[in-house]
Amino acid sequence: MAKKPFLTDIKTLRARARKHIEKGAVTEGYTADRGIVVKLLNEALATEIVCVLRYKRHYFMASGINAESVAAEFLQHANDEQGHADQISHRIVQLGGEPNLNPEGLLTRSHAEYVEGDTLTDMIKEDLVAERIAIDSYRDMINYFGNDDPTSRRMMENILAVEEEHADDLVNLLGELGK
């Protein structure tokens with residue numbers, strides 16, 4: 001069985017690596033449109049920040065007989081979302097962009113909405129809706145990145161897996177509450 005040859009010779013790789021070194025990790029082999037990728041990642045960043053804020057509010061506002069265990073879940077999800085925001089921010093910088101952390105316009109950049117909810121059940125349902133929005137929008141981003149930006153794709157695939165776990169957690173909470 002013949003071995004598949006390495007597609008780029010070493011001399012070419014070395015020469016390309018010396019060009020435009022100020023671009024850091026973004027080499028000539030990066031084929032995605034960085035402007036679009038940074039825009040999409042900033043939208044994901046805004047989505048994560050809005051989710052952090054909503055989960056934190058729900059954590060503090062949870063009340064009733066089941067509030068303690070549900071609030072603990074809200075706090076865990078808020079912390080996970082903050083971690084996602086940090087990952088996305090690092091990737092934006094790695095691509096030569098700037099993470100948009102400006103609170104002005106945050107809700108227009110976010111795919112998820114900020115809905116407070118009045119009852120524990122309402123809060124869980126609003127968080128579930130937001131997770132479902134993130135799941136679909138992140139899947140679209142993953143498909144867009146494809147092989148043009150495998151690093152952003154893998155990062156978003158990992159984040160997507162956690163968002164799917166969050167959705168499952170929230171559905172289970174609703175089931176426990178009989179909703």
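- Partner of E163 under the side chain to side chain contact (heavy atoms under 4.5 Å, CB included) criterion, chosen from M156, R139, E131: E131.
- Between the side chains of H84 and E81, a donor-acceptor pair is found at a separation under 3.5 Å.
- In this structure, S110 contributes its side chain and L106 its backbone to no donor-acceptor pair below 3.5 Å.
- Looking only at side-chain heavy atoms (C-beta outward), D148 and D33 stay at 4.5 Å or farther from each other.
- Counting non-hydrogen atoms of other residues, nucleotides and ligands closer than 6.0 Å to CD of E113 gives a total of 12 or fewer.
- Between N147 and R153, some side-chain heavy-atom pair lies under the 4.5 Å cut-off.
- At a threshold of 4.5 Å between non-hydrogen side-chain atoms, the residues D168 and E164 do not count as touching.
- A 6.0 Å sphere centred on CZ of R109 holds more than 12 heavy atoms belonging to other residues, nucleotides or ligands.
- A donor-acceptor contact shorter than 3.5 Å is absent between the side chain of R54 and the backbone of A78.
- The shortest side-chain heavy-atom distance between E116 and E126 does not fall under the 4.5 Å cut-off.
- Other residues, nucleotides and ligands place no more than 12 heavy atoms under 6.0 Å from the OH atom of Y59.
- At least one side-chain heavy atom of E48 sits under 4.5 Å from a side-chain heavy atom of I159.
- Closest approach of Y114 and L53 over heavy atoms only: CE1-C, 3.7 Å.
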What donor-acceptor contacts under 3.5 angstrom involve side-chain atoms of residues 67-76, with partners at least two apart or in another chain?
residue, atom, partner, partner atom, Å
S69, OG, N66, O, 3.4
E73, OE2, H77, NE2, 2.9
Q76, NE2, D80, OD1, 2.8

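- The shortest side-chain heavy-atom distance between I36 and K39 does not fall under the 4.5 Å cut-off.
- Residues L41 and S152 are in side-chain contact: their nearest non-hydrogen atoms beyond the backbone lie under 4.5 Å apart.
- With contacts defined as side-chain heavy-atom distances shorter than 4.5 Å, the pair M155/H90 does not qualify.
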